[in-house]
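As the structure is a prediction and not an experimental result, all values here were calculated from the model. These numbers come from the heavy atoms of this one structure, side chains and all, not from hydrogens, waters or symmetry mates. As the structure lists them, so they are numbered: ligands from 1, and atoms in each ligand from 1.
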Amino acid sequence: MRGKVALVTGAGSGIGAASAHLLAERGAAVTLVGRTESELETVAESIRKRGGEAIVAVADVTDSDAVSAAVEATLDAHGGLDVVVANAGVNGTWAGIEELTVEEFRSTLDINLVGTFITIKHAVPHLRRGGSVVVTSSVNGSRIFSNSGASAYSSSKAGQIALAKMLAVELGPRGIRVNAICPGAIDTAIGDNTDVRNQSAKIPVEFPAGPIPLTGNTPGSSEQVAELVAFLAGDAASHISGTEVWIDGAESLLQG
Ligand code: NAP
């Protein structure tokens, strides 16, 4: 990663913060994008304390002008762009279709899918040959369709995978790789922004040791996901493009 420049959205917490830390630790200069400046500054400070290079660009990924400004700030500060981690996302509202409002459905799609499009769109003109885009999708919308009420979230996550695959083909001739990662249950604060309304019980999964074959009831960590992000971002993954990679301890194979 030395000499490379990475822009990470949703970098103030969870998977985004861990990915930014790891990319910086491996030598990349990073731009931290999100809506909450104080959280981004805390991550930037922590990266700098460990000898890394980081700037903060406050932007809502649904705001095209703000994301464009974040990319410009990256070019000004670091002189180029090699890696984009389109990771910002929300669980949004989980409810049955009669409960879920059009505005709620649209809001989840807007942040998770349109926000991913906006992020990549503004980055692409500046991505150097050998560049890599990593999109944080999910097991929901790719292998798991039994989380009742998650129709907006799953649709947004399925859309991210389709977008990543389309762009892998479109950008391949320019030497840019595009992949999607599909985490299972990861221990982050994402549940804090979830509005679950009137949901029937989740379809039960019976397994002797819990829902995750590899770890039972223990979710993965942001740091484990960051290792996958850094791998896909780097030259070790130089022939990997247009694929989704599940990181879920085989959870999604049990809970289709
Ligand atoms: P998280 O800690 O809540 O991280 C999400 C980040 O996205 C936050 O830092 C949030 O910061 C930012 N964000 C949300 N809306 C934004 C917007 N409109 N513009 C810019 N930034 C925005 O949760 P996480 O688990 O690390 O989630 C990261 C990604 O992983 C998401 O795409 C999520 O769908 C995906 N994922 C998570 C899990 C899991 O189990 N945790 C599983 C599968 C997939 P601000 O609110 O301050 O902007």
Please answer whether the main-chain N or O of [Y] pairs with a side-chain N or O of [X] as donor and acceptor at a distance below 3.5 Å.
| X | Y | result |
| --- | --- | --- |
| Glu99 | Gly96 | no |
| Asn147 | Ala150 | no |
| Lys4 | Val30 | no |
| Thr215 | Thr218 | yes |

Please work out which of Thr136, Val67, Thr9 has its closest non-hydrogen atom nearest to atom 35 (C) of ligand 1.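 Result: the heavy atom closest to atom 35 (C) of ligand 1 is in Thr136.
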
Counting heavy atoms only, name the option from Ile186, Val8, Thr62, Thr194 that's nearest to atom 40 (O) of ligand 1.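 Going through Ile186, Val8, Thr62, Thr194 one by one, Ile186 has the nearest heavy atom to atom 40 (O) of ligand 1.
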
So, for atom 6 (C) of ligand 1, does the protein have a heavy atom nearer than 4.0 Å?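 Given the 4.0 Å limit, the answer for atom 6 (C) of ligand 1 is yes, a protein heavy atom qualifies.
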
When you measure from atom 11 (O) of ligand 1 to the protein, is at least one non-hydrogen atom found at a distance under 4.0 Å?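 Protein heavy atoms within 4.0 Å of atom 11 (O) of ligand 1 - there are none.
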
Would you say that more than 12 heavy atoms from the other residues, nucleotides or ligands in this model lie under 6.0 Å from the CZ of Arg48, or not?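 Yes, enclosed.
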
Does Gly16 reach ligand 1 with a nitrogen or oxygen that is under 3.5 Å from one of the ligand's nitrogen or oxygen atoms?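 Looking only at distances, the answer is no, because the N/O contact criterion of under 3.5 Å is not met.
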
When only distance counts, is Ala11 in polar contact with ligand 1, meaning an N/O pair under 3.5 Å?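 In this structure, Ala11 places no N or O atom under 3.5 Å from an N or O of ligand 1.
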
Of all the atoms in ligand 1, which lie at a distance below 4.0 Å from a heavy atom belonging to Ile111?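 Within the 4.0 Å cut-off of Ile111, ligand 1 contributes 15 (N), 18 (N).
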
Check [X] against ligand 1 and report side chain, backbone, both or neither, counting heavy atoms closer than 4.0 Å.
| X | value |
| --- | --- |
| Thr188 | side chain |
| Ser137 | backbone |
| Asn87 | both |
| Ala185 | backbone |
| Ala59 | backbone |

Give me the nearest non-hydrogen protein atom to [atom] as residue plus atom name, then the distance to 0.1 Å.
| atom | result |
| --- | --- |
| atom 43 (C) of ligand 1 | Pro183 O, 3.2 Å |
| atom 2 (O) of ligand 1 | Ser13 OG, 2.7 Å |
| atom 3 (O) of ligand 1 | Ile190 CA, 3.6 Å |
| atom 14 (C) of ligand 1 | Arg35 NH2, 3.3 Å |

Flag the pair Pro183 / Ile247 as yes when at least one side-chain heavy-atom distance between them is below 4.5 Å, and no otherwise.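 Yes, close enough: below the 4.5 Å cut-off.
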
Tell me which pairs pass side chain to side chain donor-acceptor pair (under 3.5 Å) where either residue lies in residues 164-183, with sequence neighbours left out.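 Applying side chain to side chain donor-acceptor pair (under 3.5 Å) to every pair that reaches into residues 164-183, excluding sequence neighbours, yields Lys165-Glu244.
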
Ser155, Ser156, Ser107 screened by side chain to side chain donor-acceptor pair (under 3.5 Å) with Asn112, the one that passes: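 Per the side chain to side chain donor-acceptor pair (under 3.5 Å) rule, the option paired with Asn112 is Ser156, out of Ser155, Ser156, Ser107.
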
Closest heavy-atom pair and its distance - Ser222, Thr188: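 Between these two residues, the closest heavy atoms are OG-CG2, 3.3 Å.
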
